Amino acid sequence: MDGPILPYGRQTIEDDDIAAVVEALKADFLTTGPRVEAFERAFAETVGARHAVACSNGTAALHLAMLALDVQPGEVVIAPSITFLATANCARYVGADVVFADVDPDSGLMTPQTLADAIERVGERRLRAVLPVHLRGDARDLPALAALARGAGAVLVEDAPHALGTTAKFGNVTQTIGDVRHSAMATFSFHPVKTIATGEGGMVTTNDDRLEGRLRSLRSHGMVRPPDADPWWYEMPEPGFNYRLPDILCALGQSQLAKLPRFAARRRTLASAYEAALAPLAPVVRIAARPAWSDPVLHLMCVLIDFPAVGRTRRQVVDDLRARGVGTQVHYIPVHRQPYYRGLYGDLSLPGAEAWYARCLSLPLYPGMADGDVEEVADALRDVLGA
Ligand SMILES: *Cc1c(COP(=O)(O)O)cnc(C)c1O
C-alpha cells in the first residue's frame, strides 16, 4: 500500500468541528459554560437517557460511577478480563476488589454463564456492581446480565465506550446503548479512536435523579449549592474531584455528536465490506462472533486468527502488515494477567479470555478510510498469512 500507515482507529475532525471550538474559545467561559449543558442534553437525547453528565475522560466516568454508587472498600465489582485496564481499575480507586469474569472465546464478551461463575467467586463478600463491556461495539445480553446482577444484590454499570450508536433488540424492545434501561449507569469515552472524539472526554448516562445529582457534585469537588443559599455559598458533604469537561471540548463533542448518524453508517458500510472481503480467508481468519440481538456500530474490527495453522506468530503478522501499511492493535491483553492484579489475586484461570487473546487482532476501522482500503487490508492479510 502506498502512503501512510492505516491506523486501527482514527478521529474524523472536519472544518465545522474546528469552527465550533474556535467559537467556544472566543466565548466567556472556557470551562463551565453553556456548551457543557448543551452537549449533555444532546447526548442524553441521542442515547435515550434521562440524564447525561460530561466528565474529563472515560476513566473518570467509571470512577464517578463507582463513587456515585458509594462502593466501599472490601466490596466487590465484577469486570470482564477482556477490556481496557480502566474497567477494573475504577473498582480499585474506591478500594473495592475486582472479580474478573471470563468471556466467550469467540466474541470476547462476558456472558450470563461467565457472569454466574464470577458471582460464585464473590463468596461471602458484598457484590455492588457488574461492569459489562460492549467489546468492539456489540451489545451484551443486558436483560440476562441485569437479572443475574439483581439476584446477587448488585446493579449493572455498562462500560460502553465501544458502543455509541449501537442498538439491541431484546424481545420486542429495541434499545439504544446508553439508555440504561437495564443498568444504573453507562459510561462513554471520547478518546480519538472512539466513535466521536473530543481528545480527552467522557460521559455518564443514568435515569436515576439521585445518581445524577451525585455524579454532578462528585465531578466538581463534591460541592453542592443548597437552593436558597447566598450566592457565594457551597457545601461539601464529601470530597469529590475535578473531573469537569471544558466548554471548549463540549463544543467539539456536540459538533461531533451531530455527525454520529453519518459516522455510524460509514462504520457499518466498512464492517460489511470487511465481512465480504475476509470471508474467503475462513477458517484461518474469522470475524469475531456477533450476538443475534445486536445491531452494532462497531468501534473495532476484531478478527480471530489461527496463527499456529499458518505457522506464523502474531508478532510476525503484525510486523509484516505494518510493512505493508496496515496498522493493527490487540484488544486486549487479559487484565487479570497484569502484574498488579496477579500480585493482588494470584494467577487466575480464565480460558475464554486466554483463547480470545491468543487469536485476536484489530484491523483498521474508522469513517475516514477510503473505499478501497478494506480490500487492500484483506489482500495484505491474505499475503501475510499465505492463506
Ligand atoms: C477507552 C476506554 C476506556 C477509557 O476511556 P478514556 O477516555 O481513555 O479514559 C474505558 N473502557 C473502555 C472499554 C474503553 O474502550
Side-chain angles (χ1 to χ4, degrees), residues 7-11 39 43 47 52-67 77-94 98 100-101 103 107-110 129-140 142 145 156-166 177-178 183 185-205 215 219 241-246 249-250 252-253 256-257 267 288 294 296-302 329-336 338 341 353 356-357 360 362 365-366:
Y8 81 88
R10 193 186 195 284
Q11 71 276 17
F39 181 36
F43 196 91
V47 301
V53 178
C55 59
S56 318
N57 53 64
T59 305
L62 287 162
H63 188 192
L64 286 172
M66 295 298 103
L67 292 165
V77 170
I78 292 178
S81 182
I82 297 297
T83 184
F84 184 58
L85 303 169
T87 318
N89 290 350
C90 70
R92 300 299 300 149
Y93 298 161
V94 295
V98 185
F100 288 102
V103 300
S107 68
L109 298 168
M110 181 166 71
V130 173
L131 273 61
V133 175
H134 304 291
L135 188 75
R136 302 177 277 101
D138 260 323
R140 298 289 46 261
L142 291 169
L145 298 179
L156 297 188
V157 175
E158 296 166 67
D159 188 17
H162 296 194
L164 181 57
T166 290
I177 296 302
S183 46
M185 286 169 276
T187 63
F188 293 87
S189 161
F190 312 126
H191 178 281
V193 295
K194 307 290 162 78
T195 308
I196 66 168
T198 63
E200 300 286 356
M203 193 74 81
V204 186
T205 61
L215 290 166
R219 165 180 76 176
F241 294 80
N242 180 349
Y243 276 166
R244 295 184 301 257
L245 187 63
L249 295 185
C250 288
L252 180 55
Q256 287 267 295
L257 189 62
R267 283 180 179 274
S294 173
V297 173
L298 286 185
H299 157 58
L300 297 173
M301 191 66 220
C302 292
Q329 187 50 276
V330 170
H331 296 95
Y332 292 95
I333 303 165
V335 182
H336 74 275
Q338 290 298 336
Y341 286 110
W356 168 270
Y357 171 67
C360 71
S362 302
L365 180 67
Y366 53 93

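Basis for what follows: all heavy atoms, side chains included, without hydrogens, waters or symmetry-related copies. Start at 1 and go down the list; that is how both ligands and their atoms are numbered. From a predicted model like this one, the values you see are computed outputs, not experimental measurements.
Smallest separation of non-hydrogen atoms from Ala65 and Met185: O-CE, 3.5 Å. Residues Arg267 and Lys194 approach most closely at NH2-O, 4.1 Å, considering heavy atoms.
Between Met110 and the choices Ile82, Val130, Leu135, the side chain to side chain contact (heavy atoms under 4.5 Å, CB included) rule is met once, by Val130.
Val335 places none of its side-chain heavy atoms less than 4.5 Å from the side chain of Val98.
Near ligand 1, residues Asn57, Gly58, Thr59, Thr83, Phe84, Thr87, Val133, Asp159, Pro161, His162, Ser189, Lys194, Gly201, Tyr332 come within 4.0 angstrom through at least one heavy atom.
Classified by interplanar angle (parallel below 30°, tilted 30° to 60°, perpendicular above 60°), the ring pair Phe84/Tyr332 is tilted. In this pair, Phe39 and Phe43 present their aromatic rings perpendicular. The plane angle is above 60°, beyond the 30 to 60° band.
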